[in-house]
Protein chains: 2
Amino acid sequence: MQCCEIAHTEAVEDYLRTIFKLSGRGLPVTTSAVAEQLGVSPPTVSAMLKRLEASELIDRSGGRAIALTAHGDRHAAGVTRRHRLVETFLVQVVGFGWDEVHAEADVLEHAISERLEERIDDLLGHPTHDPHGDPIPPRTGEHVESWAAALGSAAEGSRFRVQRVADDDSNALRYLADRGIKPGTVLEVVRREPFGGPIWVMVEARSHALGPTLADLVHGETA
Amino acid sequence: MQCCEIAHTEAVEDYLRTIFKLSGRGLPVTTSAVAEQLGVSPPTVSAMLKRLEASELIDRSGGRAIALTAHGDRHAAGVTRRHRLVETFLVQVVGFGWDEVHAEADVLEHAISERLEERIDDLLGHPTHDPHGDPIPPRTGEHVESWAAALGSAAEGSRFRVQRVADDDSNALRYLADRGIKPGTVLEVVRREPFGGPIWVMVEARSHALGPTLADLVHGETA
DNA sequence: CAACCAGATTAGATGCGTCTAATCTAATCC
DNA sequence: GGATTAGATTAGACGCATCTAATCTGGTTG
């Protein structure tokens, strides 16, 4: 069965984007990881993976790990592109906060036509990154989905430039935005408490203690 | 079974909006009419109508005619509201032509959240009509879906103000827009050819011959 | 009135996407 | 190396939305 023999249903797009996302973050891409991410049961994922494999969108020759084929990667990047364009559009044009757009985009990514996708891209001036700092895959051509180092592992005393913040948790995003932490922010790592304690950072002359969970959502490089 | 026990799937919303649309135009609302409109088979409609009736969204006590209950009408008006708000948004904010938005809105109407619906409404300044002149149902309260007289039945020599143009056919919309015929246009009915012949109208000092099919898409009142 | 016809429904089937319960597999650990 | 255990799959089921083929229903017409 070739790719184009599978219906590009919302579910198929959801699975592809999830696999794309996990791969991009360097996380293990397994049945259970996908199930967890999508909030469905492992058998459901098993069944879908079988169909994706039959359509040559994924490759499972590497043991438990699931990899996108070149074909699958193109489609997954397409869905991701729409997701991130929609997020950018909702923030820049519609006036939503960066913490409000993820769930909205999760639905809209399946609902916009190619024409609307292009129009939004034009309207926004062909953005390269969404409001969370995630790179927007180009319509054609190569795309690299790299995550820089997490703030959670930055050295004490270093200056850290935020590039990207994981967009999964609205509350975390709101919390971080309230403290001025967003892509582009440069902060100072004052102190790292041991034993899973918080990391103290200085942003615009104010210091904040971020728990390790939160600190791991923030990625960037030493500035 | 009460209304809220039925899932508000896309299909359910599609059926409700279709029934709403046919009723609003004063057309017969029957199994086959709905099937035709939605492009599905009559048995499929039969099955869905049974579920809609069990959920008390429609009432079929009037022989073959299908009527929305008060409850069903509220839901149908909600879907229609989203459809028309999206159309307006796509034209006014995104820059689409009025002939391009119907198909787009058919999908997006199911995908926008209540929050986004409200935000779009605010952004547009609470419009009362969409680009085709169709009234946008208010979020709460009464809504009247009335179609004025068709241009096809306007008297020779009368002046006719266009209020509303049926949005089903992109090509027809483009054709009409090219000739300056859209809501608000005032035109003069020069001559009606008999035997299903065209109707001659004068718009901005240019005259055009419109076939009866086309003329029946244009609704308004003598000005 | 009987036959016909249009329109609606029932019967039976399919594919998708999901579930739970049971089973299989493969890595880990004493 | 055998037992445990985590993870994946198979088995069996369900609801939604759709189809085709067959049947039912009700009005019109010769």
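In the text below, chain A, chain B and the rest are named by the order of the sequence lines, each starting its count at 1. What you see below is based on every heavy atom in this structure, not just the backbone, and it leaves out hydrogens, waters and symmetry mates. Note that the structure is a prediction, hence the values are computed from the model and not measured.
Spacing between atom CE of B:Met48 and atom C1' of D:dT18 amounts to 10 Å, rounded to whole angstrom units. If you measure from atom CZ of B:Arg60 to atom P of C:dG7, you get 15 Å, rounded to the nearest angstrom. Protein atom CZ of B:Arg51 is 17 Å distant from nucleotide atom C1' of C:dT9, rounded to whole Å. When rounded to the nearest whole Å, the span between NE2 of A:His110 and P of C:dG17 equals 11 Å. Following rounding to the nearest Å, A:Tyr15 (OH) and C:dG17 (P) show an atom-to-atom distance of 8 Å. Going from atom CG of A:Leu52 over to atom P of D:dT9 covers 12 Å, rounded to whole Å. Here the P atom of nucleotide D:dG15 and the NE2 atom of B:His8 are 19 Å apart, to the nearest Å. Separating the CD atom of A:Glu36 from the P atom of D:dA8 is a distance of 12 Å, rounded to the nearest angstrom.
When the shell of 6.0 Å around CZ of A:Arg115 is examined, it contains 12 or fewer heavy atoms from other residues, nucleotides or ligands.
If you take CG on A:Leu108 and CG on B:Leu116, they are separated by 6.5 Å, rounding to the nearest 0.5 Å. Once rounded to the nearest 0.5 Å, the distance linking CG of A:Leu214 with CD1 of A:Ile199 reads 10.5 Å.
Taking 4.0 angstrom as the limit, A:Ser41 places a side-chain polar atom (N or O) nearer than this to OP1 or OP2 of C:dC19. Side-chain N/O atoms of A:Thr30 include one lying less than 4.0 angstrom from OP1 or OP2 on D:dA8.
Of the two residues contacting DNA chain C, namely A:Thr9 and A:Arg64, the nearest-nucleotide position lying further toward the 5' end is that of A:Thr9.
Of the candidate nucleotides C:dT9, C:dG17, D:dT10, D:dT10 has the atom lying nearest to any side-chain atom of A:Pro43. Across C:dT10, D:dT18, D:dT20, the shortest atom-to-atom separation from the side chain of B:Lys50 is found for C:dT10.
As judged by a 4.0 angstrom heavy-atom cut-off over every strand, B:Ser46 is placed among the base-contacting residues. At a threshold of 4.0 angstrom between heavy atoms, the contacts of A:Ser32 are confined to the sugar-phosphate backbone, with no base atom among them. Residue-level contact check: A:Thr44 touches the bases, meaning some heavy atom is under 4.0 Å from a base atom.
In plain terms, the two heavy atoms of B:Arg84 and B:Pro135 that are nearest each other are NH1-O, 2.6 Å.
Residue B:His132 forms a side chain to side chain donor-acceptor pair (under 3.5 Å) with just one option from B:Glu87, B:His102, B:Arg164, and that option is B:Glu87.
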